[in-house]
Each structure stands twice: as structure tokens, then as C-alpha cells.
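One structure below.
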Amino acid sequence: MKENFQTLKAAWPVLKSAIARGQLFSPQCQLTEVHPDVEALIDVSIPMPEGYELTANIFRSKKRIKNNTADPVVMCAHPYDNHSIPSLGNTPLGGPPKQYRLLQQSEGRPEFSKSTSWESPDPSFWIPAGYTLVNLNLPGFANSGGPASIMSEHQGQSYRDAIEWVGRQAWCDGNVGLCGVSFLCISQYLAAAVPEGKSTPKALKCIIPWEGISDLYQDLACRGGVSDMGFLNFWWHTEVKESMNNALETYFETEECIPLEAIKRHPFYDDYWKAKAPPLENIKVPMLICASFSDHELHTLGSFRAFEKASSEFKWLYTHRSGKWTEFYKKQARELQKEFMDHFLRGYSNSFPERNRIRIEVRSKRDQIKEIRWEKQWPLEKTEYKAFYLTTSGRLSVQAPTESASMMYNGKNGQLTFTYRFSEPTELTGYIKLKVWIEVRADLRLQEVTDDLIVCCFVEKLDKHEQPLRFYGSVGQDNDMLTRGYARASRRELDPKLSREFHPVITGTKDEKLSPGQIVPLEVAFCPSSTYFEAEESVRLIIAAKDIVHAAIFKKDTEINKGTHVVHIGGRHDSYLLLPVIRK
């Protein structure tokens with residue numbers, strides 16, 4: 001009963017929204033019939049060196065089975081139950097996976113066949129294209145044996161062992177590529193980022209990681225030193241726990257606690273979290289990685305990090321500002337995925353290696369794409385990072401104020417805004433950073449002790465009449481700002497090896513509490529974005545005490561905020577917003 005209550009509590013924000021939209025009985029996706037040439041082999045056992053077996057669903061071509069043809073394999077792996085597909089009758093009301101009844105979709109409805117599990121490649125696309133598809137349950141989930149874990153090296157090694165097994169089968173031609181969304185992207189990092197002393201599976205030739213976390217602490221659990229108390233709780237109770245076949249006591253032997261408790265037990269970036277950040281620099285196989293400009297609360301930072309750190313000689317970056325599921329199943333995206341696989345798995349001499357490496361989608365507003373183009377590098381070679389200084393007038397200025405001044409806002413629910421109007425058409429594509437000198441003052445009437453603060457920062461676009469223009473955001477949000485960032489003053493120490501002028505990265509290893517009257521420089525990292533501004537349109541910075549653009553399953557813990565936050569401007573306090581202006 002207690003567990004059921006916890007599940008309902010975690011899911012309620014999304015469930016309430018889904019009820020209001022009528023989505024529970026009208027799921028936001030389009031199901032198609034399974035292609036007649038698809039043969040589904042359910043619960044194929046894959047032996048592991050430890051002595052247990054994993055289970056996979058293997059989808060093959062009936063014609064090629066008859067002809068004993070060996071095909072290249074597209075593969076995915078996850079902690080979700082691969083039996084949850086409409087064609088097996090194991091989904092609610094015989095429809096799509098339950099997530100499409102709960103989670104709002106962006107910009108249309110994803111379309112896939114009834115043989116497709118949550119966030120996985122569609123057999124009815126890949127089998128007619130000449131591939132075999134393998135959908136794997138990771139250890140301890142669904143009916144796979146072994147110990148359950150989350151983002152662990154054991155998951156990565158099990159995936160590598162399964163890839164090796166697949167590559168040796170008579171129905172596989174020895175070439176395996178990985179593909180999938182979210183955790184099915186994360187599992188690709190775990191498999192391809194091979195630790196020192198281990199080797200990449202001989203059969204693994206390429207990967208398509210489509211939007212996923214690559215560092216659980218930095219991307220989600222404690223971004224900028226600010227804990228998120230929403231998503232991990234929702235994810236555990238609605239997607240992970242029900243699929244796990246280990247007892248909780250057995251799970252705790254490996255993972256110590258459920259995900260939401262981890263940030264309470266491990267508030268700093270310690271070995272617990274480092275073990276969940278695969279060594280991305282060890283990825284050497286070709287990769288086509290998707291990094292969205294919309295999923296700022298979850299996958300954006302991790303996707304760009306993975307692209308930048310991977311050592312692959314051949315790697316491409318696909319960006320967009322739609323929904324992750326909608327985009328993944330779009331015709332043009334799937335054709336690009338196929339072209340990539342055709343070259344690196346089938347050896348087709350197509351033009352893929354000659355294309356520029358970066359697909360950039362620039363938007364003017366939520367449903368208006370200004371331009372799609374292919375660039376040579378990321379960050380873009382034409383980027384000019386410009387500082388726009390905070391002023392007491394509430395404007396951003398290209399000139400730094402010479403006189404020292406300060407501005408205040410309520411530390412519980414207040415905010416400050418700063419605006420800059422462009423005089424000519426301008427594109428902002430890349431990372432954004434805020435450097436702000438800040439102080440916290442206690443409310444003496446309440447005799448508060450105040451030695452820390454959190455800032456929730458947002459950048460938004462305004463039209464020529466200074467009215468906000470909105471964009472798609474995380475998990476179907478359709479009223480998002482341009483980008484966002486969070487920072488906690490006591491976790492302000494930056495990692496000198498990972499930080500760059502335009503993108504600060506905290507160490508997360510200690511607290512440095514504020515003393516009364518202490519003014520500190522706080523650097524806030526924003527997620528990358530790509531936005532076009534007409535002349536007379538504006539960009540506005542918001543510095544707030546709480547998360548003012550709320551997404552249903554994300555909840556930043558800002559309980560420490562109180563008293564008065566003081567922003568210092570001018571003179572030696574060079575508070576500024578650094579913007580990535582693209583030279584034309």
C-alpha cells in the first residue's frame with residue numbers, strides 16, 4: 001500500500017496533466033501495423049559469463065530467414081520490459097506503451113509500429129531496410145537474470161557481452177550498430193565507453209545515441225549544485241521499479257539506495273556518482289548523436305558533452321528543438337539513421353562521410369524553424385562570444401558600468417530582469433554563461449542564519465513589442481524559454497580542467513558557505529540553444545529565487561533560499577551575460 005501511494009505521488013503531476021488533456025484514453029502517438037515481413041522471436045536467451053542469461057526479442061525478415069541470409073544488426077538495451085509492445089497485448093488497452101498516455105508530445109505525434117517498445121527502434125522500419133533488430137533486457141530487469149543496477153559499468157559489460165554473442169550468430173553478418181532514445185542512449189555510452197583494460201566488442205561498428213544523460217550528477221541529480229527532487233522519483237516509481245525482478249534488498253547490495261535517495265546520501269560528486277559517468281573519451285566507434293535544444297532539464301547537456309568528449313574519428317551531431325520521441329521517429333531522421341548504418345554496418349559507399357559534421361536547427365519561435373544547415377564543428381567556428389553587462393536600469397549593455405551598484409530581490413520568491421534589444425538580425429547558437437557577483441543578507445527581523453543561496457536563471461526571447469516568445473522544452477513542455485541554468489553559491493568552485501570561458505563546470509566536491517557580507521562571483525552554465533532574432537527583438541535574462549518555468553516531473557530543491565539576494569554590478573563586480581553571437 002505504501003509503495004502504491006509513493007508511485008501515485010510521484011506520477012500525480014504528470015497524471016493530472018494527462019487527465020486534463022484527455023490523453024489517458026487518447027495517447028499521443030500513431031500506431032501502425034507490423035510489417036508483414038517481420039518475424040518476432042520472443043525471449044531468446046543470451047548467456048552471460050557469470051552464469052545467468054539475458055533475454056532479447058529478435059526481429060528478423062521472414063524472407064531472409066527462409067534464404068538463410070545473415071544481416072547486420074541494429075541493437076538496443078534498457079531496463080524496461082521489452083514485452084510491453086502492442087503486438088504482444090501487454091500494453092494498456094492494447095494501445096502503445098503507457099508513457100504515450102502520460103507524457104505530452106511536442107510538435108506532432110510520433111509514428112511507429114505495434115512491435116515497438118518504449119524509446120526503441122521500430123522493427124517495421126529496420127527489417128525492410130535489410131537489418132535484424134535485437135531488443136535486449138538488461139540484467140535484473142523483465143525476465144533477464146543477474147543483478148539489477150542503474151548506469152553501472154556492470155550494465156555496460158553485460159551489453160558488450162551480449163553484442164559479442166549476437167555478432168557470433170549465424171543470422172548476424174558480424175556487424176552490430178546500437179540505436180535508441182534516453183536510457184537506450186545511455187546504455188550505448190556504457191557499452192562503447194570501454195574502461196581501461198577492457199576492449200570494444202569486435203562486432204560493434206557504430207552507435208546512434210539519441211539524447212541521453214552522460215553524467216547523472218552534473219546533468220540531472222545536482223546540476224550546478226542544485227538537487228532535482230522530481231524526475232528520478234517519477235522515473236523510479238513509474239518505469240524502473242515495476243520492471244525490476246530483483247528484490248529491493250538485492251538491488252541495494254549493488255546500488256545502495258533508490259535514485260532519489262542517492263543525492264541525499266551523496267550530496268557531493270564522489271565515487272558513487274563518478275562510477276555512473278562513463279569515460280566518454282574512450283568511445284572510438286563512429287557515432288551519430290542527437291542533442292536537442294529542447295530537453296534542457298534532462299538530456300541536453302549530457303548529449304553535447306558526449307559528442308565533444310568522444311574520441312571517435314567519425315562523429316556527427318544532430319540538433320533540433322522538437323520532442324525527443326517525435327524527432328526520433330520522423331521520416332527524415334530515420335532516413336538519416338539508416339544512411340549512417342548503411343555506411344558503417346553494410347559498407348555502402350554513400351556520401352555520409354563527406355557531409356559536414358553538425359546539423360544545426362535554428363528556430364525563431366516554438367513552431368517556426370528559421371534555418372537548417374550543416375556546419376563543420378561544434379561549437380560553431382563562426383561563434384563570437386560577447387559580454388552583455390548587467391545594469392541597474394534593467395538593461396543589458398555592451399559597455400561595462402564603471403560605477404559600483406547593487407540590486408536586490410526577495411530570496412524566497414523574488415527575481416530581477418535584464419533586457420537587450422538587437423539593432424540588427426542576430427543568431428545566438430551555442431553555450432550561454434552568466435557571471436554574477438552575489439551576496440545573501442539575512443532577514444534580521446526573523447533572526448535568520450543565511451550562509452548559502454541558489455539562483456535559477458532563464459534566458460527568454462521577446463518580440464518587437466517585448467512580448468515573450470516560447471519554445472518546446474523537456475517532456476512535451478510547449479511554453480519553455482530559450483534556455484536555463486542553475487547554481488548554488490556554496491558549490492561555486494569550478495573544475496579548471498573541464499570549464500571553458502563560455503561553459504563553467506563545478507567540481508561539486510565541497511561546500512564553501514558564505515560569511516556575512518561576503519560577495520562572491522557565481523558562474524551559471526546554461527544549456528546550448530540556437531535562436532534567431534529579428535532587428536528590434538530582444539533577449540531577456542531572469543535571475544530568480546525559484547524555478548519559474550516549471551516542467552511537470554522536474555522539481556528543483558530551493559528550500560535553502562531566504563533573506564535577501566543582492567546582485568552587485570559595475571566597477572570590479574563585472575556581472576555579465578555571455579552570448580554566442582554567430583558572425584554572418
Side-chain angles (χ1 to χ4, degrees), residues 35 37-38 59-61 63-64 67 69-76 111-113 116 120-134 163 166-167 171-181 184-185 188 191-192 200-211 283-292 303 306-308 310-320 322 326-361 369 371-378 380-381:
H35 192 280
D37 190 40
V38 173
F59 300 89
R60 298 187 62 197
S61 162
K63 295 177 182 177
R64 296 195 294 276
N67 295 330
T69 303
D71 294 324
V73 169
V74 173
M75 190 171 181
C76 65
E111 182 176 317
F112 48 85
S113 78
T116 309
S120 73
D122 182 355
S124 291
F125 173 79
W126 288 102
I127 276 63
Y131 294 86
T132 287
L133 179 65
V134 176
I163 293 167
V166 167
W171 41 264
C172 176
D173 68 359
N175 297 294
V176 177
L178 311 183
C179 184
V181 182
L184 287 72
C185 164
Q188 295 178 62
T200 302
K202 182 180 178 181
L204 181 57
K205 302 299 168 57
C206 62
I207 60 176
I208 303 180
W210 201 271
E211 299 187 50
I283 299 178
K284 295 182 171 61
V285 296
M287 61 192 303
L288 169 60
I289 185 169
C290 177
S292 81
S303 300
F307 176 79
E308 292 186 39
S311 299
S312 308
E313 178 184 359
F314 300 104
K315 58 181 179 179
W316 286 263
L317 180 68
Y318 180 105
T319 70
H320 68 90
S322 182
T326 304
E327 194 73 21
F328 180 67
Y329 294 111
K330 274 184 181 177
K331 182 178 186 297
Q332 59 267 38
R334 292 207 287 193
E335 288 300 329
L336 188 69
Q337 297 162 24
K338 177 182 175 297
E339 187 181 352
F340 175 81
M341 291 291 197
D342 282 348
H343 180 80
F344 290 104
L345 289 189
R346 303 177 72 88
Y348 285 6
S349 182
N350 58 31
S351 61
F352 206 96
E354 283 72 50
R355 71 169 67 235
N356 283 343
R357 299 300 177 92
I358 316 297
R359 182 214 193 243
I360 293 294
E361 180 190 279
I369 297 174
E371 181 182 9
I372 294 175
R373 65 179 188 269
W374 288 84
E375 296 274 2
K376 294 181 179 180
Q377 66 183 51
W378 176 268
L380 304 188
E381 58 186 344

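Remember, predicted model here, so these are calculated numbers, not experimental data.
- Inter-residue side-chain proximity for Cys179 and Met75 is flagged as unmet; no heavy-atom pair is nearer than 4.5 Å.
- For the pair Asn67 (side chain) and Thr69 (backbone), a donor-acceptor distance under 3.5 Å is absent.
- Within the 4.5 Å cutoff, no side-chain heavy atoms of Leu336 are placed close to those of Lys331.
- Between Tyr131 and Asp342, the side chains place a donor N or O and an acceptor N or O closer than 3.5 Å (distance only, hydrogens not considered).
- Panel note: side chain Thr319, backbone Arg359; a donor-acceptor pair is recorded below 3.5 Å.
- Donor-acceptor pairing under 3.5 Å is recorded for the side chains of Asn175 and Lys205.
- Within the model, atoms CE of Met341 and CZ of Phe352 stand 10.5 Å from one another, a figure rounded to the nearest 0.5 Å.
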Output, in order, the C-alpha distance, side-chain angles, deciding distance and verdict of salt bridge (charged side-chain N to carboxylate O under 4.0 Å, His left out) for Asp122 and Arg334.
CA-CA 10 Å; Asp122 182 355; Arg334 292 207 287 193; 3.5 Å; yes

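- Cation-pi geometry between Lys338 and Phe125 is not met at under 6.0 angstrom from the ring centre and within 45 degrees of the axis.
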Checking Asp71 against Arg60 for the salt bridge (charged side-chain N to carboxylate O under 4.0 Å, His left out) test, could you report, in this order, the C-alpha distance in whole Å, the side-chain angles of both residues, the deciding distance, and whether it holds?
CA-CA 9 Å; Asp71 294 324; Arg60 298 187 62 197; 5.3 Å; no

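- At least one donor-acceptor pair under 3.5 Å links the side chain of Gln188 to the backbone N or O of Leu184.
- The main-chain N or O of Arg64 is found under 3.5 Å from a side-chain atom of Ser61 such that the two form a donor-acceptor pair.
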Leu133 vs Val38, test: side-chain contact (heavy atoms from CB on, under 4.5 Å). Steps then yes/no.
CA-CA 10 Å; Leu133 179 65; Val38 173; over 6 Å; no

Step by step, would you call Phe328 with Ser322 a side-chain contact (heavy atoms from CB on, under 4.5 Å)?
CA-CA 10 Å; Phe328 180 67; Ser322 182; over 6 Å; no

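- The shortest non-hydrogen separation linking Cys76 to Ser120 is SG-CB, 3.9 Å.
- In this structure, Phe344 and Phe314 have tilted ring planes: the angle between them lies in the 30° to 60° band.
- No side-chain heavy atom of Glu211 sits less than 4.5 Å from a side-chain heavy atom of Cys185.
- Between the side chain of Lys315 and the backbone N or O of Phe307, at least one donor-acceptor pair lies under 3.5 Å.
- Taking the side chain as every heavy atom from C-beta outward, Met287 and Cys206 never approach each other to under 4.5 Å.
- Arg346 and Pro72 get closest at one heavy-atom pair: NH1-CG, 3.5 Å.
- At least one side-chain heavy atom of Thr116 sits under 4.5 Å from a side-chain heavy atom of Pro123.
- Within the 3.5 Å criterion, the main-chain N or O of Ile127 finds no donor-acceptor partner in the side chain of Asp37.
- Contact check for Ile358 versus Lys376: no side-chain heavy atoms found under the 4.5 Å cut-off.
- Tyr348 and Glu339 are not linked by any side-chain donor-acceptor pair at a separation below 3.5 angstrom, with hydrogens and angles left out of the test.
- Side chains of Val73 and Leu345 form no contact here, defined as non-hydrogen atoms less than 4.5 Å apart.
- The aromatic rings of Tyr329 and Phe112 are tilted relative to each other, their planes meeting at an angle between 30° and 60°.
- Using modelled atom types, one side-chain atom of Ser124 and one backbone atom of His35 make a donor-acceptor pair closer than 3.5 Å.
- With hydrogens and angles ignored, the 3.5 Å screen pairs a side-chain donor or acceptor of Ser312 with a backbone N or O of Val285.
- Rounding to the nearest 0.5 angstrom, the gap separating the CG atom in Leu317 from the CG atom in Leu288 is 9.0 Å.
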Intermediate values then yes/no, side-chain contact (heavy atoms from CB on, under 4.5 Å), Ser292 and Glu327
CA-CA 10 Å; Ser292 81; Glu327 194 73 21; over 6 Å; no

Output, in order, the C-alpha distance, side-chain angles, deciding distance and verdict of side-chain contact (heavy atoms from CB on, under 4.5 Å) for Trp378 and Ile360.
CA-CA 10 Å; Trp378 176 268; Ile360 293 294; 3.9 Å; yes

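- By the 6.0 Å and 45° rule, Arg357 stacks over the aromatic ring of Trp316.
- Here the CD-NZ distance, from Glu313 to Lys284, works out to 12.0 Å after rounding to the nearest 0.5 Å.
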